[in-house]
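Worksheet for the structure shown next.
Values below: all heavy atoms of this structure, side chains included; hydrogens, waters and symmetry mates excluded. Computed from a prediction, not measured in an experiment: that's the story for all the values here.
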Amino acid sequence: MAELEILWTPAAIWALRSFHWREGEIIDAAVQRFARTGEGRVVRIEGSSIRLRLYVPPYVVRLNLDQDAGVLLVAWLWRQD
């Protein structure tokens, strides 16, 4: 998998900033690692070829992957308790 450009929606940035900075750092590192290497616990959302969920316990990051454009869009994230 070629390295992907990471884009964050304003909503995802807002959500990331709502967490403690250390948690945000862990989430951001997991997104970057996935974009760079494809590594991570990722599940494709049923019925979609581009929507993914990246699990960074206890967080979930909703992603849209456009491999043709080489873009990974971070759409939203939340804490899953």
Side-chain angles (χ1 to χ4, degrees):
M1 179 166 155
E3 186 169 349
L4 301 165
E5 177 184 7
I6 302 169
L7 301 176
W8 291 73
T9 65
I13 292 169
W14 178 87
L16 183 70
R17 289 180 178 166
S18 72
F19 302 127
H20 188 279
W21 70 267
R22 287 187 184 122
E23 294 170 325
E25 189 175 68
I26 291 167
I27 294 165
D28 182 55
V31 170
Q32 288 185 45
R33 184 172 40 258
F34 176 71
R36 192 173 56 255
T37 67
E39 179 184 328
R41 186 174 151 218
V42 176
V43 174
R44 190 168 301 275
I45 296 176
E46 187 176 331
S48 176
S49 62
I50 64 167
R51 290 184 171 178
L52 308 170
R53 286 191 178 147
L54 172 64
Y55 290 90
V56 187
Y59 301 97
V60 181
V61 183
R62 198 182 86 207
L63 306 168
N64 291 342
L65 174 60
D66 184 341
Q67 287 187 314
D68 294 334
V71 173
L72 182 66
L73 178 71
V74 181
W76 185 246
L77 52 129
W78 65 95
R79 183 179 177 104
Q80 183 179 23
D81 290 320

Inset, instruction - Output yes when R33 and E39 qualify as a salt bridge under the 4.0 Å nitrogen-oxygen rule, no when they do not. - result: yes

Listed pairs under 3.5 Å, donor-acceptor, residues 7-15 side chains, sequence neighbours left out:
| from | atom 1 | to | atom 2 | distance (Å) |
| --- | --- | --- | --- | --- |
| T9 | OG1 | A12 | N | 3.0 |
| T9 | OG1 | V74 | O | 3.4 |
| T9 | OG1 | A75 | O | 2.9 |

Legend entry - Test item: Q80 and P58 side chains (from C-beta on) under 4.5 Å apart, heavy atoms: no

Legend entry - From CZ (R44) to CG (L65), nearest 0.5 Å: 6.5 Å

Inset, instruction - State plainly whether one hydrophobic cluster holds both L77 and V42, where clusters connect Ile, Leu, Val, Met, Phe, Trp and Tyr through side-chain heavy atoms under 4.5 angstrom apart. - result: yes

Legend entry - Shared hydrophobic cluster, F19 / L54 (ILVMFWY, side-chain heavy atoms < 4.5 Å): yes

Inset, instruction - Say whether L16 and W76 are linked into one hydrophobic cluster, either directly or through other cluster members, by side-chain heavy-atom distances under 4.5 angstrom. - result: no

Inset, instruction - Would you indicate whether the side-chain heavy atoms of V61 and I27 approach each other to under 4.5 Å? - result: yes

Inset, instruction - Indicate if V60 and L73 have the same hydrophobic cluster label, given that clusters are the connected sets of ILVMFWY residues with side-chain heavy-atom separations under 4.5 angstrom. - result: no

Legend entry - Polar contact flag, side-chain donor to acceptor under 3.5 angstrom, E23-Y59: yes

Legend entry - For Y55, all residues meeting ring-ring contact (aromatic ring centres under 6.0 Å, His included), sequence neighbours excluded: none

Inset, instruction - To the nearest 0.5 angstrom, please state how far the CD atom of Q67 sits from the CG atom of L72. - result: 10.0 Å

Legend entry - Backbone of L52 reached by a side-chain donor or acceptor of R62 within 3.5 Å: no

Legend entry - R53 side, atom CZ; R41 side, atom CZ - distance, nearest 0.5 Å: 11.5 Å

Legend entry - Value rounded to 0.5 Å, distance of CD in E25 from CD in Q32: 10.0 Å

